Amino acid sequence: MTEKIRIIGGKQLKGEVSVSGAKNAVLKLMAAALLAKSETKLYNVPELTDVIIMLNVLEQLGAKVQYNKIEKSIVINAENLTGVRASYELVSRMRASFVVLGALVGRCKEAVVALPGGCAIGERKVDFHIKGLETLGTTVKIENGYVHAKAKKLIGGDIYLDIPSVGATENIMLAAVLAEGATRIQNAAQEPEIVDLANFLNAMGADVNGAGTSEILINGVKQSDLHGVEYTTIPDRIEAGTYATAFIATKGKGIIKNIFPGHLTFYTSKLTKMGADIKLLDPTSIEVSCKKRLEAVNIITQPYPGFPTDLQSMAMALATVANGVSIITESLYENRFMQVPELRKMGADIHQERNHALIKGVKSLTSANLRASDLRAGASLVIAALMANGESIIDNIYHIDRGYELLEQKFRMIGADIVRFNDDEPDVVNQNKGNLSESKL
Ligand code: EPU
C-alpha cells in the first residue's frame, strides 16, 4: 500500500495553525527518561512515526511505556531496564534513536547500539559522539554494525567538538549526568532542543549549566539524585517555519500559535527581507502575511542561531518564484538539495554546484508528480505544490510523516486542497486519516 498526497495548488491560505511539540526535542527527552529509575511523563508529544519508533526502542530496553494520543502524553517507566541493546532494525529506521547510547552508558555503564549509518541527506558520522564518550572513560568498539560501549565508571572530562553537533552534544550530556566530577563540552550545539534537554535533565535532578551557549558544564550527580518528572516539550520551530512559509508562498495571511518566536528569528528575518510581513502577536504567536512578489535572497545554513538547515528547502521553494537570483549554500550536510530535481519538474530554474544552489526566480511553478526523498525535501514539495496551479501528487510521503503531525488536517484547516490517498484505491480518499497508519509502524 503506497500512500500519496494530492494537492490542488493556487489557493491562498488563511487562518490559524497550532504548532505541535518538537520532534527533535521529544525524542531526546524520551531517551533521557532512561536515566531515572522511576516514572516520567512527557506532554506535548507529537503523534509521529519517529516517536513510535523511539517508544519501541525504549520498550526493547525494558522500559514500560504508555502513549496517550488524546492527551498527547507519554509515560515512561525506566525503573527496571532489562537490556542495553538497541537493534539495527529500529535504529536504522530512525537515526535519532542513537541518542540512547549516552543514556545507557550513563545509567548502565554499557550499551550496544546499532550504528545508524548515512542517510539520504549525508554521511552523518558519529565520531564526535564516540570520542566524547571515550573521554568520559568509556571503551568503545565497533563490531558487526554495532557500537559496543562499556565503562567501569564514568569520569567527567573536557570535550571540544570540532563541529557543534546536536547529537554529539546530547549523547555526551546524557552520559555525563551520572559521571563522577565535571564534564565541560566546548563548541557545544546551542539549539533550543539542547536547552530543552538540559531543562528536562535539571528537573530530574541533574546539574547541567550553560545550555544554549557554546560551553556546557555538567556536574555529575548520583543515581539516587535522579527522579522521574512531568515535563512539557517545546514547540516545533521547524514545523512553525514550514507553516509560515506556506502562508507566504500562497500570498495568504495566518497566525501561527503555540510557538516560541525567538527560536525562529533567523528564519523570520530572512522571510521579512524577502518581503513578507511578520508580526509578533503575543509571546507565543506570530502573524504572517505577504501581498507582493518576494525578492531573491542569499542564505547560508549554519548551526543555531544561524539559518536552520531544516528550513533550507522551504526557503528554496520560495526562492523559485522570487524576483531575481537567490544563492543558497548548504553548509551542514553534503546532500541536502534532494528537492532540486523535483522543483525543476515544476519549472524552477535552479543551477546546483556541490553545496551551492543558484535559483533564478520564475513567474510561477506548474503542478507535477513529485517524490519526497527525505523529510524536509518532502515538506518543501508540499509548499511548492500549494503554490502551483493544478494538481500535484507527492509520493513517498512516509518521509514527511516522520516530522509533521496531522499534516493534511492542519493544511485543510487553513484552506488548502490537500488529501492523502492510497495508491491501490485512488478514488478512496480518507480525509480524516491521521499520520500513522499501521503499515508504517
Ligand atoms: N557530524 C560529524 N560527526 C559527528 C556528528 C556530526 O561529522 O559525530 C556532522 C554531520 O555529519 C553533519 C553535521 O555534523 O554534517 C551536523 O550534524 P548534527 O550532529 O548537528 O546533527 P544531528 O544531531 O544528526 C539534528 C537534527 C537534524 C538537524 C541537525 C542540525 C535530530 C533528530 N536531528 O541532527 O534534523 O538537521 O541536528 O540542526 O535532532 C530533521 O529534523 O529533518 C533533521 C535532519
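Every number for a ligand or one of its atoms is a count from 1 in the order of the listing. Quantities reported herein were computed from a predicted structural model and do not represent experimental measurements.
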A.B. asks: Using the test ring-ring contact (aromatic ring centres under 6.0 Å, His included), find all partners of Tyr243 that sit at least two apart in sequence or belong to another chain.
C.D. replies: Phe411
A.B. asks: Identify, for atom 10 (C) of ligand 1, the protein heavy atom at the shortest distance, and state residue, atom and that distance.
C.D. replies: Arg124 CA, 4.1 Å
A.B. asks: Can you list the ligand 1 atoms lying under 4.0 Å from a non-hydrogen atom of Gly167?
C.D. replies: 19 (O), 23 (O)
A.B. asks: For the aromatic rings, using the six-membered ring if either is Trp, is the centroid distance between Tyr231 and Tyr43 under 6.0 Å?
C.D. replies: no
A.B. asks: Under a 4.0 angstrom heavy-atom cut-off, which atoms of ligand 1 come close to Ala96?
C.D. replies: 32 (C)
A.B. asks: Minimum heavy-atom separation for Thr250 and Leu13, please, with both atom names.
C.D. replies: OG1-N, 3.1 Å
A.B. asks: Closest non-hydrogen protein atom to atom 41 (O) of ligand 1, residue and atom name please, with distance?
C.D. replies: Arg376 NH2, 2.8 Å
A.B. asks: Determine, considering heavy atoms only, which of Asp127, Leu27, Asp374, Val99 sits nearest to atom 3 (N) of ligand 1.
C.D. replies: Asp127
A.B. asks: Which pair of non-hydrogen atoms, one from Gly102 and one from Asn171, has the smallest distance, and what is that distance?
C.D. replies: N-OD1, 2.7 Å
A.B. asks: Salt-bridge test for Lys28 and Glu170: reply yes if a basic N is under 4.0 Å from a carboxylate O, no otherwise.
C.D. replies: yes
A.B. asks: Can you tell me which residue and heavy atom of the protein come closest to atom 17 (O) of ligand 1, and the distance to 0.1 Å?
C.D. replies: Tyr333 OH, 4.5 Å
A.B. asks: Suppose we measure from atom 43 (C) of ligand 1 to each protein heavy atom; which comes out shortest, and what is that distance?
C.D. replies: Asp310 OD1, 3.4 Å
A.B. asks: Does any N/O atom on Leu375 come nearer than 3.5 Å to any N/O atom on ligand 1?
C.D. replies: no
A.B. asks: What is the closest protein heavy atom to atom 26 (C) of ligand 1, and at what distance does it sit?
C.D. replies: Asn24 ND2, 3.6 Å
A.B. asks: Taking the non-hydrogen atoms of His399, is any one of them nearer than 4.0 angstrom to ligand 1?
C.D. replies: no
A.B. asks: Do you know which two heavy atoms are closest between Ala114 and Tyr88, and how far apart they sit?
C.D. replies: CB-CA, 3.3 Å
A.B. asks: Under the side-chain contact (heavy atoms from CB on, under 4.5 Å) criterion, do Arg237 and Tyr304 qualify, and how do the steps go?
C.D. replies: CA-CA 12 Å; Arg237 63 195 166 99; Tyr304 192 88; 3.7 Å; yes
A.B. asks: Could you check which of Leu332, Ile238, Val166 puts a non-hydrogen atom nearest to atom 20 (O) of ligand 1?
C.D. replies: Val166
A.B. asks: Which residue owns the protein heavy atom closest to atom 2 (C) of ligand 1, what's the atom, and how far is it?
C.D. replies: Phe128 CE1, 3.5 Å
A.B. asks: With atoms numbered from 1 as shown, which atoms in ligand 1 lie under 4.0 angstrom from a non-hydrogen atom of Arg336?
C.D. replies: 36 (O), 40 (C), 42 (O), 43 (C), 44 (C)
A.B. asks: Nearest to atom 9 (C) of ligand 1 by heavy atom, Val26, Ile194, Ile163: which?
C.D. replies: Ile163
A.B. asks: Given side chains that start at C-beta, do those of Leu133 and Leu154 come closer than 4.5 Å, heavy atoms only?
C.D. replies: no
A.B. asks: Look at atom 39 (O) of ligand 1 and find which of Lys23, Glu193, Lys28 reaches it with the closest heavy atom.
C.D. replies: Lys28
A.B. asks: Counting non-hydrogen protein atoms only, what is the nearest one to atom 4 (C) of ligand 1? Give residue, atom name and distance.
C.D. replies: Lys125 O, 2.9 Å
A.B. asks: Using a strict cut-off of less than 4.0 Å between a Lys/Arg side-chain nitrogen and an Asp/Glu carboxylate oxygen, indicate whether Glu215 and Arg184 qualify as a salt bridge.
C.D. replies: yes
A.B. asks: Could you list the residues that satisfy salt bridge (charged side-chain N to carboxylate O under 4.0 Å, His left out) with Glu334, not counting sequence neighbours?
C.D. replies: none
A.B. asks: Minimum heavy-atom separation for Leu161 and Ala188, please, with both atom names.
C.D. replies: CD1-CA, 4.2 Å
A.B. asks: In the protein, which heavy atom is nearest to atom 19 (O) of ligand 1, and how far is it?
C.D. replies: Ser165 OG, 2.6 Å
